[in-house]
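Input: a single structure, listed below in structure tokens.
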Amino acid sequence: MGKFYITTPIYYPSDKLHIGHAYCTTVADALARYHRVKGDDTFFLTGSDEHGLKIQRKAAEKGVTPIEYVDVIIANFKLLWQKLNISNDDFIRTSEERHHKVVQDALQKIYDQGDIYKKNYEGLYCVPCESYWLERQLDENGCCPDCHRPVEKMQEESYFFKMSKYQDWWLQFIEENPDFIQPESRRNEMINFVKQGLEDLCITRTTFDWGIPVPFDKKHVVYVWFDALLNYLTGIKYGVDDEFFKRFWPADLHLVGKEIVRFHSIIWPIMLHALSVEMPKKIYGHGWLVVDGAKMSKSVGNVIDPLGLIDEFGADSIRYFLLREINLGNDGNFSRDALIQRINADLANDLGNLLNRTVAMIIKYHGGVVKNAKVNGAVDNDLINLAQKTVADYTKQMDNMDLTTAVKTVWALIGKANKYIDETAPWALAKDESKAGELQTVMYNLAETLRLVAIMAEPFIPDAAPKIFQQLGLGGKELRLADATWGGLPDGTKVEKGEPLYPRITIDEDGNTIIGGKKYVPPAN
Ligand code: MSP
């Protein structure tokens with residue numbers, strides 16, 4: 001048993017969270033859940049990144065204070081994560097007092113050791129990205145190279161963090177820790193970036209005040225990225241509860257979108273190094289969810305509302321689709337058609353039917369009681385061997401964060417179990433008195449396969465997994481990977497008939513979604 005501290009980025013309070021945001025959190029949640037099922041001491045942190053000029057301006061437009069503005073949005077974030085079955089252990093808001101203290105102490109420490117200096121700065125500022133750019137870095141239209149929106153000329157007296165001083169340390173650290181930045185393509189990008197020369201980082205602003213005051217010069221507020229990155233320390237009580245902090249630090253994984261790998265893999269380690277805090281284990285840059293090739297974003301106008309989607313199809317289905325369809329690290333396409341197809345084929349048909357048929361047969365043939373006559377022949381052994389291999393492969397794949405392959409591995413076992421029903425033809429065995437033992441064995445093997453499937457699938461479909469246990473007569477039992485060894489289902493277990501896990505979905509000719517035969521009506525609001 002080990003420990004696992006995983007973080008998502010903390011999200012900007014955008015009034016339009018989309019399914020792309022939900023992707024990162026879903027992946028992190030699946031990994032956190034896996035480590036819990038595995039028995040690791042797990043801490044999963046997410047939150048919100050609330051400061052900066054952009055928020056201050058939006059709040060002013062609405063005639064409210066910044067905190068009033070963000071409070072409403074953050075309540076929605078929390079609702080979304082709850083509906084998506086996200087199991088975060090804490091939700092950190094950068095506007096919280098506990099975070100201000102960590103940021104101010106960190107800044108003071110770095111200042112006291114001489115790594116921060118003041119200078120007059122004039123630069124081109126991208127407000128949406130809260131970043132300064134040099135003329136030569138702008139895109140062909142003279143706009144921000146990241147978001148391609150216009151930049152503004154700004155002049156201010158600022159404090160700078162001596163990043164350049166740490167360039168050689170960083171290059172050496174990355175060379176000695178080749179797994180630190182993943183996937184490898186991102187790592188190479190970062191090395192090339194740093195080799196071109198690291199500039200010192202402007203870490204304070206005076207042009208607005210919605211931020212954390214700089215402790216040694218109260219006219220200034222802290223630059224949002226310097227503020228935001230430190231949430232990963234605040235969340236586990238850095239400087240407040242040493243025992244708790246040491247229980248989880250170093251972070252095992254900072255999972256982030258590919259466009260913010262630079263902040264996490266260059267600025268963050270250098271900040272930590274300057275603070276004499278141990279390095280996190282890994283930064284992983286995942287790909288984007290795209291719609292027709294374009295990153296989902298409010299300005300492009302192609303956002304898909306996750307709350308509506310969850311209401312229509314259920315959290316498990318959305319989670320399953322995201323994890324199954326998108327290889328971590330690559331971009332992946334979102335489409336309703338593909339989602340519906342996956343729900344029908346993989347969830348309703350393969351998994352849902354397997355459970356339904358198994359429970360119905362055990363009730364019909366054995367009054368609902370599972371017995372193992374242990375008369376396994378070649379067909380049975382094939383299933384048992386695959387089940388055992390599946391647990392081993394799945395564990396390796398999940399440990400390597402290869403979620404898509406892990407999902408496929410589990411579903412291959414489900415496919416095999418469905419085939420096993422066809423091969424063993426229990427309805428024929430039931431007609432032959434002399435095959436009573438074989439029939440018991442087949443029923444046991446099916447129920448036992450489903451037990452292992454439920455344990456392995458919990459990180460992907462946390463709503464259904466305990467329901468599978470319930471129908472198998474294991475209601476209320478904890479799902480633990482340590483129990484995923486063949487033969488763990490006790491003789492005499494009594495199954496329970498339950499609702500179908502996933503109703504089939506069709507679209508009628510008027511475009512309505514028909515779920516399990518009923519027309520879906522979105523909630524009025
Ligand atoms: N506030 C910063 C992070 C600070 S972490 C110290 C930020 N916030 S964000 O709201 O813009 O993005 C949060 C995460 O959502 C990022 O990892 C980003 O990559 C991810 N995504 C935003 N749109 C996405 C897609 N269309 N697809 C997948 N992930 C996407 O950056």
Side-chain angles (χ1 to χ4, degrees), residues 6-29 45-55 70 73-74 76-77 80-81 84 86 91-95 99 102-103 106 126-131 144 146-147 149 186 211-212 222-235 251 253-269 271-272 280 283-306 318 321-323 325-335:
I6 180 169
T7 67
T8 70
I10 48 173
Y11 293 78
Y12 290 130
S14 150
D15 45 14
K16 203 91 198 138
L17 269 196
H18 54 67
I19 194 74
H21 295 119
Y23 174 66
C24 185
T25 311
T26 300
V27 171
D29 186 65
L45 183 68
T46 188
S48 51
D49 182 1
E50 304 182 9
H51 294 127
L53 180 55
K54 189 165 47 169
I55 295 295
V70 292
I73 296 175
I74 302 313
N76 255 322
F77 276 25
L80 171 62
W81 300 145
L84 197 56
I86 300 301
F91 186 101
I92 168 113
R93 299 184 55 173
T94 54
S95 57
H99 182 62
V102 169
V103 174
C126 173
V127 177
C129 295
E130 306 275 9
S131 288
C144 168
D146 268 359
C147 75
R149 281 176 274 204
R186 304 265 160 254
I212 300 177
V222 179
Y223 166 50
V224 276
W225 270 101
F226 194 92
D227 156 356
L229 286 161
L230 285 161
N231 91 85
Y232 303 131
L233 297 186
T234 312
L253 178 63
H254 292 310
L255 184 70
V256 302
K258 60 183 176 182
E259 83 283 18
I260 56 173
V261 169
R262 188 158 47 93
F263 298 92
H264 284 83
S265 64
I266 302 173
I267 301 179
W268 181 227
M271 283 169 66
L272 289 168
I283 315 290
Y284 195 104
H286 65 72
W288 288 336
L289 205 58
V290 298
V291 180
D292 301 325
K295 184 185 178 210
M296 220 175 279
S297 86
K298 206 168 83 178
S299 50
V300 180
N302 61 355
V303 300
I304 294 168
D305 167 32
I318 313 296
F321 175 83
L322 295 175
L323 298 168
E325 290 279 318
I326 302 151
N327 271 310
L328 196 63
N330 297 346
D331 289 353
N333 202 51
F334 180 85
S335 93

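Both ligands and their constituent atoms are indexed starting at 1 by order of listing.
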What are the atom names and distances for all N or O pairs under 3.5 Å between ligand 1 and the protein?
| residue | atom | partner | partner atom | Å |
| --- | --- | --- | --- | --- |
| ligand 1 | 1 (N) | I10 | O | 2.8 |
| ligand 1 | 1 (N) | D49 | OD2 | 2.7 |
| ligand 1 | 10 (O) | Y12 | N | 3.1 |
| ligand 1 | 17 (O) | G257 | N | 2.8 |
| ligand 1 | 19 (O) | E259 | OE1 | 2.9 |
| ligand 1 | 19 (O) | E259 | OE2 | 2.9 |
| ligand 1 | 26 (N) | L289 | O | 3.1 |
| ligand 1 | 27 (N) | L289 | N | 2.8 |
| ligand 1 | 29 (N) | G20 | O | 3.2 |

Discussion item. For the CD atom of E50 and the CG atom of N231, what is their distance to the nearest 0.5 Å?
Written reply: 11.0 Å
Discussion item. Restricting to ring pair (Phe, Tyr, Trp, His ring centres under 6.0 Å), what partner residues turn up for W288, sequence neighbours left out?
Written reply: none
Practice prompt. Only counting residues at least two apart or in another chain, list the ones meeting ring pair (Phe, Tyr, Trp, His ring centres under 6.0 Å) with H264.
Written response: W225, Y232
Practice prompt. With sequence neighbours left out, write down each residue that passes salt bridge (charged side-chain N to carboxylate O under 4.0 Å, His left out) with D29, or none if nothing qualifies.
Written response: R33, R319
Practice prompt. Look only at the side chain of K54 and the backbone of V127, and say whether a donor-acceptor pair between them is shorter than 3.5 Å.
Written response: no
Worksheet entry | Heavy-atom pair with the smallest gap, counting every atom of P13 and I73 | O-CD1, 3.4 Å
